[in-house]
Amino acid sequence: MQATDDGVTTMRFAAMAGEAELTVAGRAPDRRLLDAAAAEVRRIEQAYSRYRADSLVSRINAAAGSGVAIEVDAETAGLLDFAARLHAQSDGLFDITSGILRRAWDFRSGRLPEPSALAALCARIGWRKVDWQPATRQIALTEPGMELDFGGFGKEYAADRAAAVLQTGGIQSGYVNLGGDLRVLGPRLDGRGWALGIRHPRADGTLAGVELKSGALATSGDYERYLDIAGRRYCHLLDPRSGWPVQHWQSVSVIAPVCLAAGALSTVAMLKGADAPAFLAAQQVPWLAVDASGAIVRHGF
């Protein structure tokens, strides 16, 4: 935990395959409160990570095609309802059953997947194939080999939950940063917003900056996991209809009231391609995007 002369305290910790940061301003915070916020991030990772055999998501996936429904808690039910709404609003582009495409895409291999492998996986994708019963909070994946993947919003949800822990503990100034997805608790002590940077998708450093007094900022881009083959970039953001990566935008950043919304909208915008500006305009959120040529497009940002 690091404190500065201007009353700002920062704690960094590892979570969700990256570096996490809690920054608060005011009198020195109780370390136990910061630890509780970090523990909340790790709790969500443990519950929803597909990489953990003991996670709830892994238990649901293990029962795919068996006819056995898994009962979930109220928190998970809320996230599944959110995923269902986002699937409908994105015309099916945001689909939490599409994570199985990672079986074909190995971004360390230097090779593109076989089209036949993608076609076989795409046949197992589809939120409409999920038997989700909100009234009884029971879910079943109807076909063998299907999977749920909360990677499209888990980190952003964790940022919101960590912020809620800090706010409940009396913190009114600061922010949570989970690998570049940020949730702001309140302005700096002098009333100014926090200066937040947006990563440049093709160079070291930041592309742009913004000051936020509240709300959230999230970015989706093609620079986290990718292949470069014959001068063309193939990133980890995959269209569930074809199994192939999106290529219209290098990155999209969105400001929204909560990180869950900002992250979901930025991801859908990447998937929407040329239709992203119209989609984001309908959501009435500020956004900044970098197209395939490197040109910056923005609205209200």
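Computed from a predicted structure; not experimentally measured.
- A pairwise comparison of heavy atoms in A69 and Q138 identifies CB-CB, 4.1 Å as the closest pair.
- Nearest heavy atoms, F279 versus Q89: CE1-O, 4.1 Å.
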**Q.** salt bridge (Lys or Arg N to Asp or Glu O under 4.0 Å) between R161 and E156, worked out
**A.** CA-CA 9 Å; R161 289 298 311 144; E156 295 83 356; over 6 Å; no
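- In this structure, R298 forms no cation-pi arrangement with W287, as its terminal cationic atom is not both closer than 6.0 Å to the ring centre and no more than 45° off the ring axis.
- Using modelled atom types, one side-chain atom of T267 and one backbone atom of G263 make a donor-acceptor pair closer than 3.5 Å.
- In this pair, Y48 and Y157 present their aromatic rings perpendicular. The plane angle is above 60°, beyond the 30 to 60° band.
- D291 places a side-chain N or O within 3.5 Å of a backbone atom of G294 that can act as its donor or acceptor partner.
- Among all heavy-atom pairs drawn from G221 and L237, the shortest one is O-CD1, 3.5 Å.
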Q.
Run D222 and R202 through salt bridge (Lys or Arg N to Asp or Glu O under 4.0 Å) and show every step you take.
A. CA-CA 9 Å; D222 68 359; R202 291 294 184 272; 2.7 Å; yes
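- Listed here is the closest heavy atom pair of G126 and T97: N-OG1, 2.7 Å.
- For the pair T76/I139, no side-chain contact is recorded, criterion being any heavy-atom separation below 4.5 Å from C-beta on.
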Q: Take E143 and K129 through the test salt bridge (Lys or Arg N to Asp or Glu O under 4.0 Å) and record every step on the way to the result.
A: CA-CA 8 Å; E143 297 184 8; K129 299 178 181 181; 3.8 Å; yes
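- Using a 4.5 Å cut-off on side-chain heavy atoms (C-beta onward), F13 and L22 make contact.
- Screening R59, R103, R50 for a salt bridge (charged side-chain N to carboxylate O under 4.0 Å, His left out) involving E147 leaves a single residue, R103.
- Residues T23 and W194 have side chains in contact (heavy-atom distance under 4.5 Å, counting atoms from C-beta outward).
- You'll find the ring centres of Y226 and Y223 outside the 6.0 Å limit.
- Remark: R43 CZ is packed, more than 12 non-hydrogen atoms of other residues, nucleotides or ligands lying under 6.0 Å away.
- The residues R31 and D35 are annotated as salt-bridged, a charged nitrogen and a carboxylate oxygen being separated by less than 4.0 angstrom.
- Heavy atoms from other residues, nucleotides or ligands lying under 6.0 Å from CD of Q172 number 12 at most.
- A donor-acceptor contact shorter than 3.5 Å links the side chain of Q247 to the backbone of R233.
- A pairwise comparison of heavy atoms in P201 and L207 identifies CD-CD2, 4.3 Å as the closest pair.
- The backbone N or O of P245 sits nowhere less than 3.5 Å from a side-chain atom of W105 that would complete a donor-acceptor pair.
- Minimum interatomic distance between R183 and P257 (heavy atoms only, all atoms of both residues): NE-O, 3.9 Å.
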